[in-house]
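Lettering of chains follows the sequences in order, A, B, ..., and the numbering in each one begins at 1. Just the heavy atoms: all of them, side chains too, but no hydrogens, waters or symmetry mates, feed the values below. Just so it is clear, the model here is predicted, and its values are computed rather than measured.
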Amino acid sequence: MTDASSSTAASLLAGLNPVQYQAVVLEGGPGLVLAGAGSGKTRVLTRRIAWLIRERDIAPHRLLAVTFTNKAAGEMRERVAALLGFPAHGLWIGTFHAICLRWLRRHPREAGYAPDLSVYDSADQQTLLRGLLKEDGFDHTPRRARELLGIVSRWKNRGEGPEAAASQARGPAQQVAARFYRRYQDALRARNAVDFDDLLLGAHRLFQAVPEIADRYAEQFRHVLVDEYQDTNHVQFLLVERLARRHRNLFAVGDDDQSIYGWRGAQVKNILDFREHFPEATVLSLEQNYRSTKTILDLANAVIAHNPDRWPKRLWTERAAGTRPQFFLGADEDEEAEEVARRVAEATRAGAELRGIAIFYRTHAQSRPLEDAFLRRRIPYRLIGGVRFYERREVKDLLAYLRALVNPSDEVALRRAVGVPRRGIGETGAASWLAESAARNVDPLEAAAGGGLESVGARGRSGLTEFGRIMLEWRARLGEPPERLLGEIVARSGYETYLEEQGGDWEERRANVRELVDGARLFSSQVEGGGVREYLDQVSLLTSADTAEEKADAVTLMTAHNAKGLEFPRVFVVGLEEGLFPHASSLEDPAELAEERRLFYVACTRAMETLVLSASALRRRYSSGGGGVSRFLSEIPAGLLEETPCGDAPRRAPSGGRTLVSEGEPFADPDEHPLVGRRVHHATFGSGIVVAAEGRGTEAHVTVRFHGGRSRKVIGSYLEWEV
DNA sequence: GGGCCCTCGTCCTTA
DNA sequence: ACGAGGGCCC
């Protein structure tokens with residue numbers, strides 16, 4: 001489906017089915033388009049924007065389009081330009097977060113912030129909250145901080161402040177969260193910082209506090225278009241409702257079956273109640289799927305049918321049945337991954353392109369065995385998400401310098417910057433420095449440069465003074481392009497030398513540092529007037545998909561959440577086990593379980609031609625093998641899924657890495673080496689994994705699940721044991 | 001005491 | 001990859 005550029009009006013409407021057509025040309029009030037998976041909603045959105053600009057003469061700056069990722073925004077912008085034959089300058093298109101940040105930058109005072117505010121990512125949030133918890137003697141483990149931040153985030157996404165939270169907090173965790181909600185907000189404000197939720201909330205408060213500003217935007221935006229409407233939260237609803245109040249042209253596109261962000265406050269309710277909020281709304285339903293073969297669609301439909309409270313619809317296709325989706329069970333995660341890699345290799349021998357193949361999993365931690373398997377077979381892959389480039393330590397270290405320069409109140413950034421490279425200022429020294437600066441009401445960098453801080457020990461003082469001086473020098477040069485300042489920081493802070501001294505994978509880290517500077521250079525060359533502030537804004541709102549290398553022919557590995565909105569000819573969904581997918585934390589709650597099922601539905605409906613599902617009998621980290629295969633598999637009607645063996649030949653000993661040791665050896669100290677879970681090799685049956693054991697030493701009777709899922713009881717001494 | 005380096009256990013999903 | 005905890009050095 002390529003939208004070729006053309007200059008005739010008809011071409012904007014050509015090739016659309018009747019409902020798509022109606023959606024593109026919808027006028028005179030709000031519209032909700034229920035767009036099933038693969039029903040061409042991106043096409044509808046881009047054609048509609050182009051149509052409004054060209055056929056209805058709406059100036060681009062009077063259109064606001066909200067997308068779910070920056071990448072989607074960029075692609076949509078390009079497609080619209082291609083349709084129009086010229087770029088739509090001035091078009092407001094981006095994620096809610098990016099657009100809200102833009103408003104906060106334009107009206108910081110009215111929103112209650114000083115200019116140059118910092119955007120805190122989840123790591124910064126944790127650093128901040130953990131500090132507060134520690135101060136008050138509360139549990140300040142990362143896990144606890146994450147839990148509390150999750151609770152606070154849900155309040156924020158409902159638009160509830162600390163008071164409302166305090167009055168409704170139930171149970172010990174919520175009460176602690178409510179207590180620290182206020183303090184956390186105060187701490188953010190003191191640092192002139194916002195977290196991701198505050199971006200939305202801040203814009204909402206801005207519109208409430210200064211209705212004239214809201215009215216101005218509501219007047220400006222003749223049309224407001226929102227993609228992935230099922231994943232909007234209450235505050236986002238309030239924002240679009242406010243912006244569409246004047247012209248009533250809210251155009252929402254979404255699919256209640258693909259709502260997968262309930263845990264961060266999204267409410268399907270926004271779709272289900274659309275008619276109540278906008279009684280005059282036109283509701284259209286896109287039910288023809290153009291993406292998947294019939295069997296894949298049938299499978300997905302069968303699973304999602306197990307969810308209650310759905311907007312009634314039935315997705316259909318004209319496509320042929322195609323290849324029946326397959327399932328296989330690996331003995332453990334390594335074997336499962338190995339089988340995925342084997343099938344990928346097989347597909348490429350049959351002519352498949354690697355870029356058309358994707359592997360989806362529930363959690364990032366599952367990528368490791370897959371990466372290993374692809375590395376062993378020398379199959380190129382690209383990993384989306386996981387440890388993202390801009391979350392790497394060396395990258396965050398250097399960006400902390402820029403943040404601290406831009407926003408002198410950003411203590412999280414100041415502490416980080418002063419600590420790397422080491423300057424003799426540790427946690428205590430930094431705390432004294434910042435406390436004394438605050439008490440004396442002086443800028444921390446000025447105070448540091450002055451060298452007169454009494455509370456900082458003699459040993460760290462010279463390092464701190466030097467840090468303050470150099471930072472002040474750089475701060476005076478904030479008008480320079482980001483790459484020049486970054487380059488300066490790298491060179492004069494001695495950061496690369498520091499990396500080298502740290503050893504380990506320092507060369508890779510140094511490469512990342514250089515890539516960071518190159519990225520900044522690219523930014524300045526592409527963004528007009530793109531200074532350090534704009535650069536920081538951009539990197540703090542990047543999505544994991546934004547940094548992916550597009551051109552490479554490689555298999556794509558990502559979480560099912562990241563898969564939303566994408567499609568691939570060949571899809572693998574791995575790790576289908578109770579406790580993993582559905583995730584253990586969802587098993588108690590029917591609503592969360594339904595969301596897991598939607599997530600599985602999203603994963604399956606990405607597939608165009610072939611779909612392979614898999615699980616492993618034993619998994620080291622999560623359900624520890626007790627969970628069994630996912631209930632979602634049993635929800636698939638018998639005829640729609642073909643059970644296939646996992647592998648055929650006994651595994652050859654991998655070259656390098658693992659080694660097989662001779663019989664008996666691991667039994668030298670059986671107490672230190674539990675037998676269950678060990679990988680073994682048998683002369684006749686091949687390799688497998690121990691699932692049960694009786695006795696110990698060479699006399700042990702062990703049950704082994706071999707390749708292909710067959711289990712056998714054998715004597716320990718007949719096996720080679722992998723270490 | 002403070003700074004810093006080492007090892008070891010833990011990690012769901014994200015703008 | 002990150003923090004906690006232990007040990008070493010100033």
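Protein atom CD1 of A:I384 is 15 Å distant from nucleotide atom P of B:dT13, rounded to whole Å. The CG-P distance, from A:D197 to B:dA15, rounds to 13 Å in whole Å. Atom pair A:L576:CG and B:dC12:P shows a separation of 19 Å (rounding to whole Å applied). As a whole-Å value, the separation of A:L239 CG from B:dA15 P is 19 Å. A:L149 has its CG atom 14 Å from the P atom of B:dC12, to the nearest Å. In this structure, the CG atom of A:D589 is 19 Å from the P atom of B:dT13, given to the nearest Å. Remark: P of B:dT13 and CZ of A:F360 are 16 Å apart, rounded to the nearest angstrom. Summarising the geometry, the separation between CG on A:D121 and P on C:dC2 is reported as 11 Å, rounded to the nearest angstrom.
For A:H364, the listed nucleotide lying nearest its side chain is B:dT13; candidates were C:dG3, B:dA15, B:dT13. Of the candidate nucleotides B:dA15, B:dT13, C:dA1, C:dA1 has the atom nearest to the side chain of A:R509. For A:N70, the listed nucleotide lying nearest its side chain is B:dA15; candidates were B:dA15, B:dC12, B:dT13. Minimum atom distance to the side chain of A:H97 is reached by B:dA15, of the listed B:dT14, B:dC11, B:dA15. Which of C:dG3, B:dC11, B:dA15 sits closest to the side chain of A:P142 comes down to C:dG3.
Both tests pass for A:R102 against the ring of A:W92: distance under 6.0 Å to the centre and angle within 45° of the axis.
Shown for residues 254-265 of chain A: residues whose heavy atoms fall under 4.0 angstrom of DNA chain B, namely A:Y261, A:W263, A:R264.
With centroids closer than 5.5 Å and planes inclined by less than 30 degrees as the test, A:H561 and the base of B:dT14 fail to qualify as a stacked pair.
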Let's go through A:Y261 and A:N233 carefully: what are the C-alpha distance in whole Å and the side-chain angles of both, what is the deciding distance for side-chain hydrogen bond (donor to acceptor under 3.5 Å, both in side chains) to 0.1 Å, and is it a yes or a no? CA-CA 9 Å; A:Y261 284 99; A:N233 62 41; over 6 Å; no

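For the 3.5 Å distance criterion, the side chains of A:Y229 and A:N270 fail to qualify, holding no donor opposite an acceptor. For the 3.5 Å distance criterion, the side chains of A:E371 and A:Y381 qualify, holding a donor opposite an acceptor. Side chain to side chain, A:T497 and A:E500 fail the donor-acceptor criterion of an N or O pair below 3.5 Å. Judged purely by distance below 3.5 Å, without hydrogens or angles, the side chains of A:N512 and A:E394 pair a donor atom with an acceptor atom.
Listed here is the closest heavy atom pair of A:E595 and A:I260: OE2-O, 3.1 Å.
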Could you run down nucleotides 2-7 of chain B 5' to 3' and tag each one B, S or - for protein heavy-atom contact under 4.0 Å? BSSS--

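The backbone N or O of A:P582 sits nowhere less than 3.5 Å from a side-chain atom of A:S586 that would complete a donor-acceptor pair.
Taking only side-chain nitrogens and oxygens, A:T559 never comes nearer than 4.0 Å to OP1 or OP2 of B:dC12. Residue A:R130 places at least one side-chain N or O under 4.0 Å from the OP1 or OP2 atom of C:dA4.
Considering CZ of A:R422 and CD of A:E501, their distance stands at 12.0 Å, rounded to 0.5 Å.
Nucleotides B:dC11 and C:dG5, compared at atom P, are 15 Å apart to the nearest Å.
When the ring pair (Phe, Tyr, Trp, His ring centres under 6.0 Å) test is applied to A:Y361, no partner is found at least two apart in sequence or on another chain.
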